[in-house]
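Reminder, nothing fancy here: chain letters follow the sequence lines and each chain counts from 1.
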Amino acid sequence: MAKEKNPYSDTLNLPQTDFPMRAGLPVNEPKWVHRWLDEDIYGKIRAKRMAEGAEKFILHLGPPYANGHMHMGHALTYVLKDFIVRSKFMAGYDSPYVPGWDCHGLPVEWKVEEGIRKEGKTKYDYSTKEIRDRCRAYANKWIDVQKGEWQRFGALGDWDRPYKTMDYANEAGIVRELGKMVARGLVYKGLRSTMWSTVEETALAEAEVEYKDKESTCIYVKFAIEGKENEYIVIWTTTPWTMPSNRAIAYAADETYVALKVEGSTDESLAKVGDTLWVAAKLQEELIRTCGITEFATVGTQQGTDFDGWVTKHPFYERESKLLEGFHVTTDSGTGFVHIAPAHGQEDFQIGREQGLELHCPVLGNGVYDETVEIFGGQHIWKAQEKIVDLMRENGSLLHTYKYTHSYPVSWRSKSPLIFRATPQWFIALDEKTEALNGKTLREKTLEAIYGGGDLKKVNWVPEYGENRIGSMIKSRPDWCISRQRAWGVPITVFLNRKTDSIIDDPKVFEHIAKLIEQEGIDAWDSRIEAGKVEELFPAGWLAENNVNVDDLDPQRDIMDVWIDSGTTHAHVLRADSGEGQRFHRTDGKRPADLYQEGSDQHRGWFHSSILTSVACYDDAPYEEVVTSGFVVDGEGRKFSKSLGNGVEPRELLDTYGMDIIRLWVASSDYSEDIRYSDEIMKGASDAYRRFRNTFRFLLGNLHGFSAEKAMDVTNMPELEQYMLHRLHKVLTEVRTAYDTYKIHHAYRALYDFCNTELSNFYFDVRKDVLYCDAKEGDRRLACQTVLWHLLQSLTTYLAPIIPFTTDETYRQWFGENESVHMQTFHGPEANWQKDAAFEEQWNNVLNTRDAVNQKIESLRAEGEVGANTDVAVTLPLNGLTAEQWVEVLVVSQIAEGEGVTVAKASGHKCPRCWMYHETLAESGVCTRCDEALKTDGHTTKAA
RNA sequence: GGGCUAGUAGCUCAGUUGGUUAGAGCACUGUGUUGAUAACGCAGGGGUCGCAAGUUCGAGUCUUGCCUGGCCCA
């Protein structure tokens, strides 16, 4: 049977709106992005806030690296930042947010070199300047791509004026910071153990190293102990070529060692009968077997520490090699003694430096021993290697040799084996006491900023454990090596004066160079050096005034670690742009940034480099507060990786869900820990989105015909409306606190639950009767609409930071195309919405009663007695409400006062218009309320 | 291997200083619904709080160990 349309339907005030139920986010959001840019929403908000003299809130952005597409990690952190910036704007702050990019560094340079190779050429076919130009173009290409993706996230910001670390002004700014650190005596040149390719003749970064199987010549070598007859320390090594650089032997302090007296050996064995050999107890069997010892006696036992002070002779040079404790010595293999060549190993170098051993690297960049090396000087290490073994065999210090295949580091490009070389590098000193820091060291002063102390205010670390995390890193980190032997980066604009063996630290010189870089970019440095115009790098007359001969100067050709670039953005972005009327100008005496917000890996990265450079140059942290987030992991809590095949890209998600849903996913998660991503979780976000959207649609539909001047004063409203405003006051207060403390998921949760529980389940359901059936401008209806009107404004403004697309769509739907929600501030809570505790208590009881009644009605329904609540009559204690109010709240037809709660099928006649039961109906056939409403609104009382 | 950190219903989250049968929303199941209908209401089921010891009259909450993850180092 075809459904017949109720003739009264047309006389009802049913919801009316063009706001579609289906959002079509993937298609519509990009239009909003363009619209916001066209309207310059960001610029307008800022102009408005500045005109108001609003307080500043500066969230400073850690620049993403200008290479590749935005991934989920980017999406997470840029959405979080946008929540914060937008919520600050909404709260009335002036919150400048400037996007930026980290541009220099290896990854871009690699990509460019890769491109060059594809052309069948090598980087040597190009000048450094040409390489840099290509790097610059490459970075710019990705900046354009990332900018589009970033904007698509819905991020508000100063898109017309982003910062780039490769902009000339920023490059100059980076040099200025270097100059400050040099002037403060914090920069020095020293040695560092680096991975080196003798083929490419260059130091390699960690990421350029691969591991491959390599066959090495292993040797057991005897070191004669001084003051003892035929008694030896035995070492084992896979790199015989490092023997000329041996300076010491390391033992493990807590291992037991034994002395074995050789009493018999095989014919091939090099072990001599009568020799006494020291070896770790755990490794003696291996030594005996490998070296062909057939008979022996254990003639001594002692702990590692007992070797302290022992001295041996180098196997083929006339010099000592003393025994030292080695933190890295294990008894997994070898002999429990490790030969130390400080120039040729990470741990060796560290021990060598701590113990004051000779660190000089006697191997040249091309792998040839220099002239200081006796016997083997001028020979290539790989070729000399066998000769070294032969020499030791001849002089009797070799105990055994064999070939051994193991995993060995090679250059990812040439696949040639790498070596460790101690090379000269530039460092920032962590432990140098300097006058500029009140006689304290950079490490001490930075710790004061982290933990609070001295005259420095403690940084607020959120979550709290961040404090300990970065603190323990600063406590234990070595000096900061800031030099790189590369092309794409800001030069270390330092001159070594060979004559005085000092560096030029005059700030005037740095400023002069910075000015040149401001004009010409980083090429200003190299181009003058290469053209032999070094004197141009000095202010006019400076050389003569300071009696410096330009020929004595050795201008450095290294570039800076890119962590200096981004680590100094507090200076060349924030401080440089903070003058009167400029973007970051602040008069509140706070640090340059209120907040840095990044993933927790940045305790080692950007938070770390930023606080060090800021303390080094300005004696204080660059930020008041640091908020960290976790990482995006899959539904099982595992990280995304190619090998697991569980990765997702924001670009795919945008096509299936749209950004507001992705943003809801972020908002619903506690980002202080890792946040999970799965299809199931995204389904939850989609469901939540639909709830919000339908709430908006209900509000818009029922506000049809309403306008601001019809709004009713709170005091004139029915109690139910007052109660709802009271509840709204409560939830908005909660959300404010949540935003203020960056607990976005609490804000989301409070608003979502409010929409579900207070609105959809209760208020909307209860008030549909009044909204649909009362006269259009009846008091009850206008009061209700006034509440809906506040709800519309509060919900859109409070949700605007989280779902900017949908809230703006909603807001403009009601307030007009030219009124963006993003130009507003939070709507409410207004003081007169709040009621006293007794009022709240009474209404909470009403809701409890409602639950009890509903349970009873549900049983009635199960018996098939009733369908909708309007079929029901209820008896209950009125408890201070009128029967009329109970009818409204329970959406039932009849209420009678009684002792307990009972429910029954309503009696009388059902009004065909509002479905409520009445003992009598009006003459027109509808109930008296409907009858009046029909008359007031000018409908014919009897439906045609 | 070291530092930091987490593990409460299918999902996302609450659970103050240890104290009554561990909560919420969503999802799920059932059901109602000619007026929010790819929407909405009502009701219901669902957790030995990662595991194992220990402290305590009493532990999701404290201690130790283990398991499984995450970030950063070596």
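- The interatomic distance linking D851(A) (CG) with G41(B) (P) rounds to 14 Å, in whole Å.
- For an aromatic pair to be called close, the ring centres must be under 6.0 Å apart, and Y596(A) with W606(A) satisfies this.
- Proximity note for R469(A) (side chain, C-beta onward) versus C71(B), A38(B), A36(B): the nearest is C71(B).
- Taking the six-membered ring for Trp, F631(A) and F640(A) have ring centres at least 6.0 Å apart.
- Between H603(A) and W461(A), the angle of the ring planes lies from 30° to 60°, which puts this pair in the tilted group.
- A salt bridge links R929(A) to D769(A): one of the charged nitrogens lies within less than 4.0 Å of a carboxylate oxygen.
- We find that CD of Q16(A) is positioned 13 Å from P of U37(B), with the value rounded to whole Å.
- With sequence neighbours left out, the ring pair (Phe, Tyr, Trp, His ring centres under 6.0 Å) criterion links F698(A) to F764(A).
- The side chain of R638(A) places no N or O atom within less than 4.0 Å of a non-bridging phosphate oxygen (OP1 or OP2) of U68(B).
- Only the C1' atoms considered, G18(B) is 8 Å distant from G58(B), to the nearest whole Å.
- Using a 4.0 Å cut-off, some side-chain N or O of R690(A) falls inside it from OP1 or OP2 of A39(B).
- Base pairing analysis places G35(B) opposite nothing; no Watson-Crick or G-U wobble pair with both distances below 3.5 Å involves it.
- Nucleotides A6(B) and U61(B) are separated by 14 Å at their P atoms, to the nearest Å.
- Note on N761(A): only backbone sugar-phosphate atoms sit closer than 4.0 angstrom, heavy atoms only; bases stay farther off.
- Using a 4.0 Å cut-off between a side-chain N of Lys or Arg and a carboxylate O of Asp or Glu, E758(A) and R727(A) qualify as a salt bridge.
- Y671(A) has its OH atom 18 Å from the P atom of U12(B), to the nearest Å.
- Distance CZ (R693(A)) to C1' (C40(B)): 17 Å, rounded to an integer number of Å.
- The CZ-P distance, from F692(A) to C26(B), rounds to 12 Å in whole Å.
- Under the salt bridge (Lys or Arg N to Asp or Glu O under 4.0 Å) criterion, K743(A) pairs with no residue at all, not counting sequence neighbours.
- The backbone N or O of R638(A) sits less than 3.5 Å from a side-chain atom of D634(A), completing a donor-acceptor pair.
- Salt bridge R780(A)/E721(A): absent, no basic N to carboxylate O contact under 4.0 Å.
- As rounded to the nearest Å, C73(B) and U12(B) have C1' atoms that lie 32 Å from one another.
- Checking N845(A) against R850(A) by side-chain atom types alone, no donor-acceptor pair falls below 3.5 Å.
- Checked by distance alone, T757(A) brings no side-chain donor or acceptor within 3.5 Å of a matching partner on the base of A24(B).
- The list of side chain to side chain donor-acceptor pair (under 3.5 Å) pairs with a residue in residues 676-686 of chain A, not counting sequence neighbours, reads K683(A)-D687(A).
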Set out, line by line, the N/O atom pairs under 3.5 Å between protein and nucleotides 27-31 of chain B.
unit_1 : atom_1 : unit_2  : atom_2 : d
G30(B) : N2     : E858(A) : OE2    : 3.3

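- Comparing the C1' positions of G60(B) and G47(B) gives a spacing of 11 Å, expressed to the nearest Å.
- Comparing C40(B), C72(B), U5(B) by their nearest atom to the side chain of R691(A) picks out C40(B).
- Of the C1' atoms belonging to G19(B) and U56(B), the separation is 12 Å, rounded to the nearest Å.
- Of the residues in residues 743-754 of chain A, those with a non-hydrogen atom less than 4.0 angstrom from any atom of RNA chain B are H745(A), H746(A), R749(A), Y752(A), D753(A).
- Nearest-nucleotide mapping onto RNA chain B: of G637(A) and S672(A), the residue sitting toward the 5' end is S672(A).
- Relative to the six-membered ring of F19(A), R693(A) meets both conditions, a distance below 6.0 Å and an angle of at most 45° to the axis.
- The backbone N or O of K776(A) sits less than 3.5 Å from a side-chain atom of R781(A), completing a donor-acceptor pair.
- Among the heavy atoms of the strands lying under 4.0 Å from C914(A) is at least one base atom, whether or not backbone atoms are also near.
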Provide a list of protein-nucleic acid N or O atom pairs under 3.5 angstrom, restricted to nucleotides 7-11 of chain B.
unit_1 : atom_1 : unit_2  : atom_2 : d
G10(B) : O2'    : E680(A) : OE2    : 2.6
C11(B) : O4'    : E680(A) : OE2    : 3.3

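- Between the side chain of Y739(A) and the main chain of Y798(A), a donor-acceptor pair closer than 3.5 Å is present.
- Candidate nucleotides C42(B), A36(B), C71(B) were compared by shortest atom distance to the side chain of R850(A), and C42(B) ranks first.
- Remark: the separation of the C1' atoms in A9(B) and G45(B) is 11 Å, to the nearest Å.
- Among the atoms of the strands shown, only primed sugar atoms or phosphate atoms (P, OP1, OP2) are found under 4.0 Å from some heavy atom of S669(A).
- Out of U5(B), C73(B), C26(B), the shortest distance to the side chain of Y465(A) is found at U5(B).
- Using atom C1' as the reference point in both A22(B) and U48(B), the two lie 12 Å apart (nearest Å).
- Which of C42(B), C26(B), G41(B) sits closest to the side chain of N854(A) comes down to C42(B).
- Distance CE (M473(A)) to C1' (G2(B)): 12 Å, rounded to an integer number of Å.
- Remark: C1' of G2(B) and CZ of R604(A) are 12 Å apart, rounded to the nearest angstrom.
- When heavy atoms are screened at a 4.0 angstrom cut-off, G630(A) is found touching no nucleic acid atom at all.
- G867(A) comes within 4.0 angstrom of sugar-phosphate atoms only, judged by non-hydrogen atoms across all strands, and of no base.
- Nucleotides G10(B) and C28(B), compared at atom C1', are 8 Å apart to the nearest Å.
- Using N1 to N3 plus N6-O4 or O6-N4 for Watson-Crick, or N1-O2 and O6-N3 for G-U wobble, each under 3.5 Å, C51(B) pairs with G65(B).
- When Watson-Crick and G-U wobble pairs are counted only if both distances are under 3.5 Å, U17(B) pairs with no nucleotide at all.
- The partner of U56(B), taking Watson-Crick or G-U wobble pairs whose two distances both stay under 3.5 Å, does not exist in any strand shown.
- Remark: ring of W915(A) stacked against base of G35(B); centroid gap under 5.5 Å, plane tilt under 30°.
- A 3.5 Å limit on both hydrogen-bonding distances identifies no Watson-Crick or G-U partner for G46(B).
- As a whole-Å value, the separation of E636(A) CD from G70(B) C1' is 14 Å.
- The base-pairing partner of A24(B), taking Watson-Crick or G-U wobble contacts with both distances under 3.5 Å, is U12(B).
- Residues D765(A) and K768(A) are paired through a salt bridge, judged by an N-O separation under 4.0 Å between the basic side chain and the carboxylate.
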